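These figures come from a predicted structure and were not determined experimentally.
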Amino acid sequence: QVTLVESGGGMVPPGGSLTLSCKASGRAFRTYTVGWFRQVPGSEREFVAAFKSYNSNPIYADSAKGRFTMIRDNAKNTVSLQMNSLKPEDTAVYFCAADARLITSSLRVSSEYDYWGQGTQVTVSS
């Protein structure tokens, strides 16, 4: 079993920045796929970014690419999501997710991930 805890959410004005963190417990975390998803009330959970494995480069949703950066620190069992140039439409609850290594075609699909954190709220508003 893997336990994930997100932190770092908050309120920022448009154009601002936030860094979210996800701390994991699990002896095999280094081998796991790790992703970030977000969700607003009444909408489906949306893919943001993911690492397929420890030695892979992260992939990003089109909405995040160029503004968000995902970083993985396997030694600390931690992943982070650096978010810059935030927009009001980025407002959502952000979730960290993990699973045993997923195939590339599954990385963007929330239902493929078995382990989830409780979420952290990000609000972008003037």
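Checking side-chain atoms of Glu6 against main-chain N and O of Cys96 turns up a donor-acceptor pair under 3.5 Å. Using modelled atom types, one side-chain atom of Tyr113 and one backbone atom of Leu107 make a donor-acceptor pair closer than 3.5 Å. Of the possible donor and acceptor atoms, one in the side chain of Ser56 sits under 3.5 Å from a partner among the backbone N and O of Lys52. Without hydrogens or angle criteria, Ser106 side chain to Glu112 main chain gives no donor-acceptor distance under 3.5 Å. One N or O on the side chain of Thr91 and one on the backbone of Val124 form a donor-acceptor pair closer than 3.5 Å.
Once rounded to the nearest 0.5 Å, the distance linking OG1 of Thr120 with CG of Leu81 reads 11.0 Å. Atom CG of Leu18 and atom OG1 of Thr123 lie 9.5 Å apart (nearest 0.5 Å). To the nearest 0.5 angstrom, Arg30 atom CZ is 9.5 Å from Ser53 atom OG. In this structure, CG in Asp99 is found 7.0 Å from OG1 in Thr33, a value given to the nearest 0.5 Å. Atom OG1 in Thr19 sits 7.5 Å away from atom CE in Met83 (nearest 0.5 Å). Here Arg67 contributes atom CZ and Asn84 contributes atom CG; the two are 9.0 Å apart, rounded to the nearest 0.5 Å.
Between Phe47 and Phe37, the two ring planes are perpendicular [angle over 60°; tilted spans 30° to 60°].
Here the shortest heavy-atom pairing between Asp90 and Arg38 reads OD1-NH1, 2.9 Å. Shortest non-hydrogen contact noted between Tyr60 and Ala49 is CD2-CB, 3.6 Å.
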Side chains of residues 7-15: which donor-acceptor partners sit under 3.5 Å, not counting sequence neighbours?
none

side-chain contact (heavy atoms from CB on, under 4.5 Å) between Val5 and Gln118, worked out: CA-CA 7 Å; Val5 180; Gln118 81 287 353; 4.1 Å; yes
Verdict with reasoning, Leu20 to Phe68, per side-chain contact (heavy atoms from CB on, under 4.5 Å): CA-CA 11 Å; Leu20 308 181; Phe68 295 3; over 6 Å; no
Can you check side-chain contact (heavy atoms from CB on, under 4.5 Å) on Phe95 and Leu4, steps first, answer last? CA-CA 9 Å; Phe95 297 90; Leu4 305 171; over 6 Å; no
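Enclosure of atom CD in Glu44 is not indicated, since only 12 or fewer non-hydrogen atoms of other residues, nucleotides or ligands lie within 6.0 angstrom.
Residues Ser63 and Glu46 are in side-chain contact: their nearest non-hydrogen atoms beyond the backbone lie under 4.5 Å apart.
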